[in-house]
Amino acid sequence: MELEKERERERAITPRSEDYSQWYVDVVQRAELADYSPVRGCMVIMPYGYAIWENIQKALDKRFKETGHQNAYFPLFIPYSFIQKEAEHVEGFSPQLAVVTHGGGQKLEEPLVVRPTSEAIIGYMYAKWIRSYRDLPVLINQWCNVVRWEMRTRLFLRTTEFLWQEGHTAHATREEAEAETHRMLDVYADFAEREAAVPVIKGRKSEREKFAGAVYSLTIEAMMGNKWALQAATSHFLGQNFAKAFEIQFLDRDNRLKYCWTTSWGLSTRFIGAIVMVHGDDKGLRLPPRLAPIQAVIVPIYKSDEERSQVLEVARATLTKLEGAGVRAHLDDREEYTPGWKFHEWELRGVPVRVEIGPRDVEQEQIVLARRDIGGKEGKRAVPQARLVEAVTQLLDDVQEGLFKQALEFREKHTYEPKDYGEFKEAVERGFALAPWCGSAECEAQIQEETKATNRCIPLEQEPLPENAKCVRCGEPAKERALFARAY
RNA sequence: CGGGGAGUGGCGCAGCCUGGUGAGCGCGCCUGCUUUGGGAGCAGGAGGUCACCGGUUCGAAUCCGGUCUCCCCGACCA
């Protein structure tokens, strides 16, 4: 008995309540999303994890194209001097740079930086390409890898090298560039909520937290399963900072030479970490159907050879029907595992819908559907084979919605509006704290020191504060509420 | 980069303190038979330069020094 419990523990992943970090590592590895590489802080994204990334890419790329952007590719290496052209940018990124000093067996004249982000090289190229207002706006995105030398790394959430997309746009007017910054934030929020079922809070980063070189940064913040915050994507209004640093100028209608207004925006493989942490449970991953590499897995059940051939026939027909309807389906017809084993395996890997087909179902011309977001018998139900496609597609939509609702309710349940600093301190222990803030960087730093919580953002959508509102910490007048939380 | 923990067949661990007898256990893997509606059973079998480098010693998984990687906590960050 004791031994059985031990074995059970070995098979199972660490419960979230016991050790959230270990749970996360267990899920990522056991679900075969990623594995460690021999290089510190670098990971291998395995086929199943990469398939999620490909689905993220598809969903985002479609939105980028719909909003008029084109893809291009800029080089991995950037002359060291380019990074130094924008003062805040250098200061922000220099501690994180990987620098190449040798090539072809010889020391380089000028060291090359492995891009930590591409504002510099893209700024240089835009200066070459842009002549007149007729060339604007320039709306380009690139899918690539970047390298930032991190002190502490975690699978997907913070790795030395990561994959992302970075959009870089140049505009004739401030208004247009700001509109682009907001528009792309909306694109990210729409993607996060509709495709990934991750509810997000749109907001503006504080001065302290903004991108190095931006006038301001916008962000979408999501609550993870341990109630910490994660910045899921950012969109930056760069003003004319990079335009001035790289001489990105255009001749306007009035025949005057002007600096462009630029933006940049990005979403990385970190988002996969967000999906794991927002939806995952003690059984493992729970993938949102719209991004799941496998949306429905078919598990055949049989005893005798006769049953086997009958069941498999129905299972294969089921697979064909689902695929024909555009469902990403998979038939797990491996002989070496029992149905029960397969149930656990596919639950661990987060497949949203399971289709069980056994002798009883063959006889009654039905199939059994089980949904990943609701466990046990409650999430199971039998459906006539004739209604298969309809039922599965409907169920996928239901799971998508169910995951979003669960995540949203969880966030709302753990978001507080503390009345004073005492309540504030308790609130950031238990989740998000939305509180009036004076706007000073000093206050922000103090809060971080005293509570470990950081200023995640100033939410864009918020009720106006009463006239005499005071900062939750220092008591100075406050104009806005800021969202504070522990964060990854 | 500072503090703490870890690295032994694919996975989880024991052995180390007190150096020496064949490097062991569970899971997994391979073969065969029986099984299959929530992690199957029996029998047989394969698999490890004990993270790496160096030192002490007649002899090192075990003692000493260094390096690498991972996990946790902090400072830096998507």
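Because only heavy atoms are used, hydrogens play no part in the values below, and waters and symmetry mates are left out as well, while side chains stay in. Fair warning: this is a prediction, and the values are worked out from it, not measured in the lab. So you know, we letter chains A, B, ... as the sequences are listed, proteins then strands, and number each from 1.
Scanning atom types as modelled, no donor and acceptor separated by under 3.5 angstrom connect the side chain of A/Lys342 and the base of B/G37. Between the side chain of A/Arg152 and the base of B/G2, no donor-acceptor pair under 3.5 Å is found.
Residue A/Tyr337 has no polar side-chain atom (N or O) positioned under 4.0 Å from OP1 or OP2 of B/A40. A/Ser21 has a side-chain polar atom (N or O) that falls below the 4.0 Å cut-off from OP1 or OP2 of B/C72. A close approach under 4.0 Å does not occur between any side-chain nitrogen or oxygen of A/Lys303 and OP1 or OP2 of B/U35. Using a 4.0 Å cut-off, no side-chain N or O of A/Arg30 falls inside it from OP1 or OP2 of B/G39. In this structure, A/Thr338 does not reach the B/G39 phosphate: none of its side-chain N or O atoms is under 4.0 Å from OP1 or OP2. Side-chain nitrogen and oxygen atoms of A/Arg308 include none within less than 4.0 Å of the OP1 or OP2 phosphate oxygen of B/U36. Contact between the side-chain N/O atoms of A/Arg154 and the OP1/OP2 oxygens of B/C72 is found at a separation under 4.0 Å.
For the pair A/Arg63 and A/Trp265, the cation does not sit on the ring face, since its NZ or CZ is not both under 6.0 Å from the ring centre and inside 45° of the axis.
One P atom belongs to B/C68, the other to B/G12, and the distance between them is 23 Å to the nearest Å. Annotation: B/G9 and B/G55 have their P atoms spaced 25 Å apart (nearest Å).
Secondary-structure stems of RNA chain B, taken as three or more successive Watson-Crick or G-U wobble pairs (i with j, i+1 with j-1) under a 3.5 Å distance threshold, comprise B:1-7 with B:68-74, B:10-13 with B:24-27, B:29-34 with B:40-45, B:51-55 with B:63-67.
When each of B/G37, B/G39, B/C71 is scored by its nearest atom to the side-chain atoms of A/Pro339, the top-ranked nucleotide is B/G37.
Residues of residues 215-229 of chain A that place a heavy atom closer than 4.0 Å to RNA chain B do not occur.
Among the heavy atoms of the strands, none lies under 4.0 Å from A/Thr454.
With respect to A/Tyr24, the side chain to side chain contact (heavy atoms under 4.5 Å, CB included) criterion is satisfied by exactly one of A/Ile13, A/Asn226, A/Leu157: A/Leu157.
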